[in-house]
Protein chains: 2
Amino acid sequence: MKEKSNDILNRIAHVQNTLQAINGKWKLPILMSMYAGKSRFRDIQRNIPQITTRVLSKELKDLEASKLIIRIVTDGHPVSVEYKLTTYSYTLTPVVDEMIKWGKQHSKGSL
Amino acid sequence: MKEKSNDILNRIAHVQNTLQAINGKWKLPILMSMYAGKSRFRDIQRNIPQITTRVLSKELKDLEASKLIIRIVTDGHPVSVEYKLTTYSYTLTPVVDEMIKWGKQHSKGSL
DNA sequence: CCGAATCCAATATGATACTG
DNA sequence: CAGTATCATATTGGATTCGG
């Protein structure tokens with residue numbers, strides 16, 4: 001059966017789905033920082049100065065639970081921790097890309 | 001001057017910009033309901049059954065403040081209220097579109 | 001350096017009831 | 001129909017401190 005008039009309900013459900021995955025103000029910025037090659041806790045913080053350790057810590061856990069990143073602990077003397085993006089996480093780049101475009105064109109400066 | 005290595009900071013800022021405009025779980029679903037032609041309070045509620053009147057009311061005010069919609073009151077006997085999308089709101093469709101695609105492909109059912 | 005722990009304020013969301 | 005009022009809870013965010 002084809003969806004027609006109630007197609008809108010499906011589309012809304014899909015978007016809500018996406019919104020759940022990237023909910024909050026931080027997940028996409030974090031992923032972006034990682035897309036750019038920064039995968040250590042401290043590096044991510046440098047790319048997103050406004051975020052606190054508490055929040056970053058929580059968000060990283062959320063992202064891990066969502067299978068968007070993987071936490072890798074390399075046991076060494078100062079114990080190095082690295083977060084790696086999953087293949088899955090890259091499926092979000094089209095979304096991120098559109099959001100970059102929109103945000104660039106509609107900068108808050110004009111408000 | 002060209003942005004190069006710190007380009008990432010700009011991109012993150014752009015996305016944060018976009019996230020602010022569509023923050024929360026409801027703004028995009030509301031806009032989508034309106035894209036589909038439903039512009040009365042009640043109609044929107046029907047498209048998003050989970051939302052309460054309290055939240056919908058607040059979100060509509062936010063969207064108005066963001067210039068994404070306009071509230072039009074036609075003084076009549078039962079006073080009809082209609083929300084109209086602004087041209088500006090349509091600039092978000094590419095973002096919404098990508099989110100529909102993503103949400104469709106990565107349905108929660110598999111989690 | 002990488003966080004976890006604690007405390008606390010601010011928002012967001014929800015349920016219900018009620019009004020013009 | 002289109003909200004507002006009230007209450008309660010959940011989640012988020014921020015500041016600071018502490019430990020391996």
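Every chain is numbered from 1 and lettered A, B, ... according to where its sequence line falls, protein lines coming before strand lines.
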Novice: Just the rounded figure in Å: distance from C1' of C:dA12 to CD of B:Gln50.
Specialist: 16 Å
Novice: Check the phosphate of D:dG3 against B:Tyr83, side-chain N and O only, distance under 4.0 Å to OP1 or OP2. Yes or no?
Specialist: yes
Novice: Check every atom of D:dA2, D:dG13, C:dG14 against the side chain of A:Glu59 and return the nucleotide holding the closest atom.
Specialist: D:dG13
Novice: Please give, in whole Å, the distance from D:dT11 P to A:Gln20 CD?
Specialist: 12 Å
Novice: Hey, which sits more toward the 5' end of DNA chain D by its nearest nucleotide, A:Val79 or A:Thr53?
Specialist: A:Thr53
Novice: Using only side-chain N and O atoms of B:Lys58, determine if any of them is under 4.0 Å from OP1 or OP2 of C:dA12.
Specialist: yes
Novice: Picking from C:dT13, C:dG3, D:dG3, which would you name as closest to the side chain of B:Lys25?
Specialist: C:dT13
Novice: Quick one: do A:Lys27 and A:Asn23 satisfy side-chain contact (heavy atoms from CB on, under 4.5 Å)? Show the steps, please.
Specialist: CA-CA 7 Å; A:Lys27 290 183 185 62; A:Asn23 69 62; 3.0 Å; yes
Novice: Is it true that atom NZ of A:Lys38 has more than 12 heavy atoms of other residues, nucleotides or ligands lying nearer than 6.0 Å?
Specialist: no
Novice: So, is A:Trp26 close to the D:dG13 phosphate, meaning a side-chain N or O under 4.0 Å from OP1 or OP2?
Specialist: yes
Novice: Write down the distance between NZ (B:Lys61) and C1' (D:dG3), rounded to a whole number of angstrom.
Specialist: 8 Å
Novice: To the closest 0.5 Å, what do you measure between CG (A:Asn17) and CD1 (B:Ile100)?
Specialist: 12.0 Å
Novice: Which part of the nucleic acid, if any, lies within contact of B:Asp43, taking any heavy atom under 4.0 Å across all strands shown: a base, the sugar-phosphate backbone alone, or nothing?
Specialist: nothing
Novice: Quick one: which of B:Leu56, B:Asp62, B:Val55 gives a side-chain contact (heavy atoms from CB on, under 4.5 Å) with B:Lys58?
Specialist: B:Asp62
Novice: Counting distance alone, no hydrogens or angles: does the base of C:dT16 have a donor or acceptor under 3.5 Å from a partner atom on the side chain of B:Thr52?
Specialist: no
Novice: Return the CD to NZ distance between B:Gln50 and B:Lys25, rounded to the nearest 0.5 Å.
Specialist: 8.0 Å
Novice: How close or far is atom P of C:dG3 from atom CG of A:Leu60, stated in whole angstroms?
Specialist: 7 Å
Novice: In whole Å, I'd like the distance from the CZ atom of B:Arg71 to the P atom of D:dA2.
Specialist: 10 Å
Novice: Check this one for me: any side-chain N or O of A:Arg42 less than 4.0 Å away from OP1 or OP2 of C:dG3?
Specialist: no
Novice: For the side chain of A:Arg40, counting heavy atoms from C-beta on, which of D:dT12, C:dC2, C:dG3 is nearest?
Specialist: C:dC2
Novice: With respect to the side chain of B:Ser57, which nucleotide from D:dG3, D:dG13, C:dG3 is positioned closest?
Specialist: D:dG3
Novice: Measure the distance from CD on A:Glu82 to C1' on C:dC1 and round it to the nearest whole Å.
Specialist: 14 Å
Novice: Could you state the CZ-P distance from B:Arg46 to D:dG3, rounded to the nearest angstrom?
Specialist: 14 Å
Novice: Any side-chain N or O of B:Asn23 less than 4.0 Å from the OP1 or OP2 oxygen of D:dT12?
Specialist: no
Novice: Nearest-Å distance, NZ (B:Lys38) to P (D:dA2)?
Specialist: 12 Å
Novice: Hey, is the side chain of B:Arg54 pairing donor to acceptor with the base of D:dT6 inside 3.5 Å?
Specialist: yes
Novice: Applying ring-ring contact (aromatic ring centres under 6.0 Å, His included), run through B:Tyr88 and A:Trp102 and close with a yes or a no.
Specialist: CA-CA 11 Å; B:Tyr88 182 42; A:Trp102 194 90; 5.8 Å; yes
